Amino acid sequence: MSAFLSQVEAVAPSEGFRESANVRNHQLYEYAGKNRIAFWEGCAQTLHWYKKWHTVMDWNPPFSSWFDGGRLNACYNCLDRHIGTKIENKVAFFWESEEGASREITYKDLYQEVNRLANVLKSFGVKKGDCVAIYMPLVPEAVASMLACARIGAVHTVVFGGFSSEALRSRILDANAKVLITADGSVRKGKLLALKDTADPAIEGLTCIEKVLVIQKEKNSVSMKEGRDFFYHNELEKAEEYCPCEEMESEDTLFILYTSGTTGKPKGIVHSTAGYLVGAAITTKLVFDVKPNDVYWCSADVGWITGHTYVAYGPLANGMTQVMYDGSVDKPKKDRVFEIIEKYKVNIFYTAPTAIRLFMKWGEDTFKHRDLSSLRLLGSVGEPLNPEAWHWYYKHVGSEKCPIVDTWWQTETGSIMITSLPGLMDMKPGSVVKPLPGIEAKVLDDYGNESKSGYIAIMSPWPSMLRGVHGDTRRFVQTYWNKWGGRYYFPGDSATMDEDGYFWVAGRVDDTLNVSAHRIGTMEVESALIEHEAVAESAVVGIPDEITGQAIAAFVILKEGREPSQELADSLKAIVVKKIGGIARPKKIFFTQDVPKTRSGKIMRRLLQDLAVGRKLGDTTTLENENLMKSIESKIENSP
Ligand code: WTA
């Protein structure tokens with residue numbers, strides 16, 4: 001790896017970009033390096049506070065608190081403080097549907113909607129600290145729902161609209177949500193995604209959910225339960241037009257967002273109000289080099305952390321104009337994304353490598369008739385951006401004038417941790433560059449020593465760090481703080497650092513997969529498969545995929561008397577979709593009679609990966625049954 005790294009040529013940001021960049025020298029890095037706490041305090045001062053904090057940071061490893069004694073409201077910071085300023089009439093969202101419908105929502109529109117919605121939630125009995133689940137398509141109402149919760153001090157938990165009924169149910173239960181906000185449906189790839197229909201069985205018999213609010217987007221018929229289900233627009237019409245903001249303590253929870261881990265049960269990552277907002281606001285401003293008239297498009301769904309931080313809180317706190325597109329990238333044609341960039345004259349485009357690789361596969365000819373000259377900055381997030389895709393993105397989308405910010409971060413980190421400030425640093429295709437000001441990251445070995453190759457470690461607390469795993473402090477400590485004796489945060493990514501101090505992320509070191517920049521736990525998929533009546537055991541691994549980064553391959557051991565067949569493979573895929581959602585659908589199912597395990601019983605996924613991709617087998621010496629691999633190899637060749 002390091003021989004390869006030294007051959008990568010650095011690419012400097014274009015002169016045009018550099019000259020007009022907001023940050024043009026390294027003073028910020030130097031200052032934050034010497035005065036980390038004062039740097040974060042300065043960032044916090046850019047927000048609106050009802051009451052100033054008395055302590056910037058308190059660190060009782062692994063628990064930190066930021067801006068204690070302070071009081072603020074996240075919704076106020078995203079909306080109210082823009083009202084009465086020039087931003088009031090600025091467009092907050094240009095929204096497009098897959099079928100070409102469009103809407104323009106100004107900051108004032110959003111403010112009015114959020115106020116009424118906050119009053120509706122209050123009328124439903126939602127109080128400070130209560131949880132509201134949001135299961136929605138990518139529409140401005142989803143962001144309005146998040147902000148309405150923040151306004152009254154309720155905790156939101158957004159569940160990605162592609163998740164299944166069962167996945168939604170387990171999250172609602174874990175978070176103990178009182179209200180669900182959903183929609184009748186949304187059109188994806190020309191088909192109706194009937195969210196309310198999926199939500200109905202998810203909440204069937206749950207006592208925690210008292211009320212359901214339904215947005216009529218597609219006007220498809222939905223069943224409404226008397227006294228529980230209400231239509232969004234009816235309730236909003238009746239609501240008072242102003243709702244005061246709740247003054248929140250800095251450490252009050254802003255939201256819970258579930259992410260996959262190494263067990264079958266997703267973790268509810270808890271984020272605080274002040275620290276999270278400080279991180280979201282400052283990183284948006286610095287990394288995206290925000291200018292007042294920018295049109296910015298982050299293509300993430302609000303169901304993921306990227307949608308929370310870089311669609312909802314970060315851009316709105318900075319008063320930015322955004323594009324929001326609820327549809328697939330090839331509808332009606334493969335130039336759809338570029339048509340939208342041209343239509344709205346997008347300046348900043350932030351997406352995931354899986355989309356970039358798909359565009360690359362389709363080829364630049366598919367959009368050569370589109371005018372992309374408005375673009376000035378490109379971004380990438382969610383998984384490693386391979387150098388080939390980097391060069392293609394740089395050349396064909398960015399016309400070799402737009403820097404690319406390859407941003408490394410996680411649901412748990414809340415905001416971007418490692419990337420370049422675009423006008424300041426040279427890029428290296430495939431590298432995420434360096435920790436942002438105020439972030440102390442290193443590459444450490446297993447023993448906590450600095451190393452060229454090892455794991456990413458965050459050496460000191462930062463404001464937007466997770467505050468815990470909802471209801472499971474033990475899991476929080478074990479997952480993130482056990483690696484180096486509770487001293488440093490362990491994100492679970494392996495990485496290399498080159499001689500210039502640039503970070504190169506290799507991937508996850510735990511049993512989680514990264515499919516199209518979505519984290520999926522192997523155990524989650526295994527737990528779904530095992531629920532099929534024909535399955536005795538299963539082992540799931542990630543296999544490289546040209547477009548999605550990784551794809552899912554499942555090795556399945558059938559119960560006595562069950563025979564492999566194509567129908568069975570299809571029904572196994574279907575059960576995973578039912579339990580988790582379409583994003584977790586296995587690409588390959590291999591029927592086998594056993595899976596390789598170590599003598600201590602741990603599944604040797606590396607060997608299964610070798611088999612799944614037809615690679616020469618790695619080290620088999622720790623295998624409990626060395627002859628096993630041969631037999632699996634011959635079996636999988638005959639799998640349907
Ligand atoms: C991976 C998404 C390489 C990484 C914001 C991390 C990346 C996980 C990058 C978090 C990047 C994220 N280069 N890998 N630029 N960004 N990752 O929680 O493995 O959905 O741990 O947050 O995605 O995924 P999550």
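Each ligand, and each atom within it, is numbered from 1 in the order the structure gives. Remember, predicted model here, so these are calculated numbers, not experimental data.
Annotation: side-chain hydrogen bond (donor to acceptor under 3.5 Å, both in side chains) contacts involving residues 416-426, sequence neighbours excluded, are absent. Applying the ring pair (Phe, Tyr, Trp, His ring centres under 6.0 Å) rule to pairs touching residues 414-449 yields nothing, sequence neighbours excluded.
The side chain to side chain donor-acceptor pair (under 3.5 Å) search around Trp408 returns Asp493, not counting sequence neighbours.
Counting heavy atoms from C-beta outward, Val397 and Phe359 have side chains that stay 4.5 Å or more apart.
Taking 4.0 Å as the cut-off between side-chain N and carboxylate O, Glu440 and Arg487 do not count as a salt-bridged pair.
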Go through it in stages, so that I can follow the logic: the residues are Glu400 and Tyr394, the test is side chain to side chain donor-acceptor pair (under 3.5 Å), and I'd like the CA-CA distance, side-chain angles, deciding distance and then a yes or no. CA-CA 5 Å; Glu400 297 182 330; Tyr394 188 68; over 6 Å; no
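The protein residues lying under 4.0 angstrom from ligand 1, judged by non-hydrogen atoms, are Ile305, Thr306, Val381, Gly382, Glu383, Pro384, Asp406, Thr407, Trp408, Trp409, Gln410, Thr411, Val432, Asp493, Val505, Arg508, Asn514, Arg519.
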